[in-house]
Each structure stands twice: as C-alpha cells, then as structure tokens.
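Okay, structure first, notes after.
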Amino acid sequence: MTNGLRIAILGAGGLGRGMALMLSKRKGFTLVAMADSEGFAYNPAGLSLEALNPNGQIQQLHLIPEFGVKTPTAIADLMVNHGDAIDAVFMALPNLPVDFYANTIQFIAENTAFQGVMVDALKRTKAVELLLPLNDTLAENNILYITGCGATPGFLTTIAAVAAQSFVELEHIDIHFGVGVANWEQYRATIREDFLHLEGFDAERVAAMSDQEIEEELEKRNGLIELVNMEHADDIILELAGICDRSKITVGGLVDTRNAKKPTSTTVTVKGITAQGESTIHKFVVGDATTMVDNVCGPACGFMAKGVELHNYGIVGLRTSAEIMPRFSAEGLVLAASQNMIQPQAVSV
Ligand code: NAD
C-alpha cells in the first residue's frame, strides 16, 4: 500500500474534523472520505486539510470542489459506492437516539462491500450493549469492529486495564475527567450527550431540546457541567475484559463549555490489593495541555491501526478496546465467551 491505510470518518463535527487533523500528523494514514448529515467527500488520493479548511475556514463536505456530493443519505451512499476501497472507519457521529450506532453498523455490514475495521468513541453503556448482538453479522461480513476507542471509554479504560495487572484483587476504578472547550457548538453531540447524565434529563428530553434551550441550560450553570456516577461504557468494557465487576467502576467529570482550559486534571485511579496483601492505588494524570481531540482522536487512530493488524490475523466480529489489553483473569475470558465475543475460528493472534 503506497499511501497508507485508507481511512473514512463518519461525522464531520468537532471530533470528525479533529481526527482529520490527527491523521495528517501521524504516519501511514490517508483520509479518503468523510461524511456528515448533508453529504460526503471522497477522494481516493486523499482529502487534504486544505480541501477541508480552505483559507483556514471550515468547508462543508458536499461543497468541496470535485470530490463533494450532496445527499441526505451520506453514510449509505459513501459506503455502498466506495466501501470496498476503505480500510478503516472512525465513527464520529452523535449517538442520539441510543441505537443510532447499532443501526448504522448493521446497515454497513449487511448492505455494503466494506470489509475492514471500524472503531468508535461511544460513551454510554446502553449503546455498547446494543452492539454486542452484532458480533455474528460483523464477523460474517469480515468486519472487525472495536468499540470504546475514544478517551473514556478508550484511552483511560485501557490504562485502567493495564494498571490492574499489578494487583491480585481490584477494589475500585475511578475515572474523573476534566474537559475544556471554548464553545459548546464545536462539539454539539458531545455536550448534548453529557446532559443525559444530569438530574432531570434523559435521552428523550435532550433529543427534543433546541440548541437555544441547551444554551439556556448552560447559562444557568455558568457554562459548567458537573457529572457524577455516569452511565459510561467503561464499566461494561472493563467487565467484559475480565478486569472487575462493573459495580466497582465509577466515572464522572467536569466540563467547562466556555473555556478551552481544562477545569480540572483528568485522572484514572486504580485501587487494588497487592500480592503481599497491601491495599494501594495507581494514579495516572493526563497532561493538562492535551485536548479532547488529542485524547479521543489520538487513541482512536491507534486503535484503527491495531484493528487492521488484528484483522490481518483473521480477527473479526465485535471487540472492545480493553479486550485487546492484558487480561486480569481467565474468568474474564469465560465471561466474554459466554457473551459470544470470541470467534473460535480466529483465536491465533
Ligand atoms: P458533533 O455534533 O460535533 O458532530 C457530529 C457530526 O455527525 C456532524 O458532522 C453531523 O453532520 C454528523 N451527522 C449527524 N447525523 C448524521 C447522519 N445521519 N449521517 C451522517 N452524518 C451525520 O459531534 P462531536 O462532538 O464531534 O461528537 C461525536 C461523537 O463522539 C459523539 O457520539 C460523542 O459522544 C463522542 N465522544 C466520545 C468521547 C469519548 O471519550 N469516548 C469524547 C467526546 C465525544
């Protein structure tokens, strides 16, 4: 392959465009396609940052000269027409309603010639649960789908999975994130989905809220969203990987929607008992200068490359990011197998 892995990004908002930047700075990746709700752009020779942002201004995909196509069914049209010329896909779509990813993935697997790797940065436990039954469909269509490849779940979850290896028993895993964005409109889906976890809100209510109403809610909170005990897929992902029961995992954070500076440092704290019987913690602190793009798109980029490596070994179906880290116990392996997560024909990594 002369131009590196051929990557498509579904979703061209904050993280989709962040991934375009990330790919341009990593070696061995060529961004060939991007899709959003108004259309897509496809160039087998590569979509440059200059094409996506002429004169530093964001260009709508369907208006990119020569390569843009306007269509209300962009994902379907892109993947049906060009799926066989794409190696890996980053899903940077909103996940409202909660089954949007599951439906989109099923469509791609069953109706297009795509046979590569897909990774997501999904956040909700429920969303990941809805993906599990797609294992066979993905495998039959020669697709490897790795879920939970963003920051949390993703970067921070896999750090917890590796840190757990020092212990003989896990007591608690806590992920606490600090996120700063200058303007919530840069990351509409991300901020909307954060609202789901606040008292008095649920998916239906958030989906029905206008941007103006979101703005008013943010105004009441001075732009800050404090999140505690979130329904976050780090729990199911670490449980399926055999690290610990999901009841031992907590996720929360503080999001400042008016300031690019993080309001607090992001940490992963893994508490466990050593082989000598001592209770202690590992604490990992994420660099404050890193942004959401660094910590979501960077790991997702790495998981795409890892996914292609595993796919080349014949691994297909549905996997989680933590599952391809060291396992904590063989019991976890049995749990994953009972969830039909293991492909018997593809165990020889
Ligand atoms: P965004 O709102 O900025 O962008 C969403 C994009 O999806 C837009 O370009 C929109 O046009 C496109 N889109 C919407 N519906 C579509 C459709 N039917 N067909 C094609 N395109 C469609 O979103 P964002 O803030 O970049 O977030 C993207 C995702 O990343 C969200 O699901 C968010 O929860 C997730 N996220 C994960 C993490 C993590 O650490 N795991 C962190 C932040 C965000």
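Counting starts at 1 for both ligands and their atoms, following the listed order. Values in this document were obtained by computation on a predicted structure and should not be read as measured data. Both backbone and side-chain heavy atoms feed into the values below; hydrogens, waters and symmetry mates do not.
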Open item on the list: For atom 42 (C) of ligand 1, what is the closest protein heavy atom, and at what distance to 0.1 Å?
Closed with: Val296 CG2, 3.5 Å

Task: Pairwise distance CG(Leu254) to OG(Ser265) - rounded to 0.5 angstrom - done: 11.5 Å

Open item on the list: Quick test of your reading of the model: are Arg192 and Asp211 salt-bridged, counting only N-O distances below 4.0 Å?
Closed with: yes

Open item on the list: Please confirm whether Gln186 approaches ligand 1 to less than 4.0 Å, judged on its heavy atoms.
Closed with: yes

Open item on the list: Check this for me, if you would: do Lys220 and Glu216 make a salt bridge, where the nitrogen-to-carboxylate-oxygen distance has to be below 4.0 angstrom?
Closed with: no

Open item on the list: Taking 4.0 angstrom as the limit and counting only heavy atoms of Ala121, give me the atoms of ligand 1 inside it, by number and element.
Closed with: 35 (C), 36 (N), 37 (C), 38 (C), 39 (C), 41 (N)

Open item on the list: Considering both backbone and side-chain atoms of Leu93, is one of its nitrogen or oxygen atoms within less than 3.5 Å of a nitrogen or oxygen in ligand 1?
Closed with: yes

- [ ] Can you pull out the closest protein heavy atom to atom 28 (C) of ligand 1? Residue, atom name and distance to 0.1 Å, please.
- [x] Ala92 O, 3.5 Å

Open item on the list: Among Ala151, Ala189, Gly154, which one puts a heavy atom closest to atom 23 (O) of ligand 1?
Closed with: Ala189

Open item on the list: Can you classify the ring geometry of His82 versus Phe40 as parallel (below 30°), tilted (30 to 60°) or perpendicular (above 60°)?
Closed with: perpendicular

TODO: With heavy atoms of Asn95 as the reference, note each atom of ligand 1 found under 4.0 Å away.
DONE: 32 (O)

- [ ] Could you list the atoms of ligand 1 found under 4.0 angstrom from a heavy atom of Ala12?
- [x] 6 (C), 8 (C), 9 (O)

Task: Spacing of NE2 belonging to His176 relative to OG1 belonging to Thr250, to within rounding of 0.5 Å - done: 9.0 Å

Task: ligand 1 atoms in contact with Glu193 (distance to a heavy atom under 4.0 Å) - done: 31 (C), 32 (O), 33 (C), 34 (O)

TODO: Nearest 0.5 Å please: distance from the CD1 atom of Ile237 over to the CZ atom of Arg319.
DONE: 13.5 Å

Task: For Gly13, the ligand 1 atoms whose distance to one of its heavy atoms is below 4.0 Å - done: 1 (P), 3 (O), 4 (O), 6 (C), 8 (C), 9 (O), 26 (O)

Task: Subset of ligand 1 atoms that lie under 4.0 Å from at least one heavy atom of Ile75 - done: 19 (N), 20 (C)

Task: Under 3.5 Å: donor-acceptor pair, side chain of Ser48, backbone of Ala51 - done: yes

Task: Under-4.0 Å salt bridge between Glu38 and Lys70 - done: yes

TODO: Could you list which atoms of ligand 1 come closer than 4.0 Å to a heavy atom of Met292?
DONE: 43 (C)

Task: Atoms of ligand 1, numbered as shown, that sit under 4.0 Å from any heavy atom of Tyr101 - done: 32 (O)

Open item on the list: Does the residue Phe155 have a heavy-atom contact with ligand 1, meaning some pair of atoms that are separated by less than 4.0 Å?
Closed with: no

Open item on the list: For Ala74, state whether at least one heavy atom is located under 4.0 Å from any atom of ligand 1.
Closed with: no

Open item on the list: Both conditions, 6.0 Å and 45 degrees, for the charged tip of Arg205 above the ring of Phe201: are they met here?
Closed with: yes

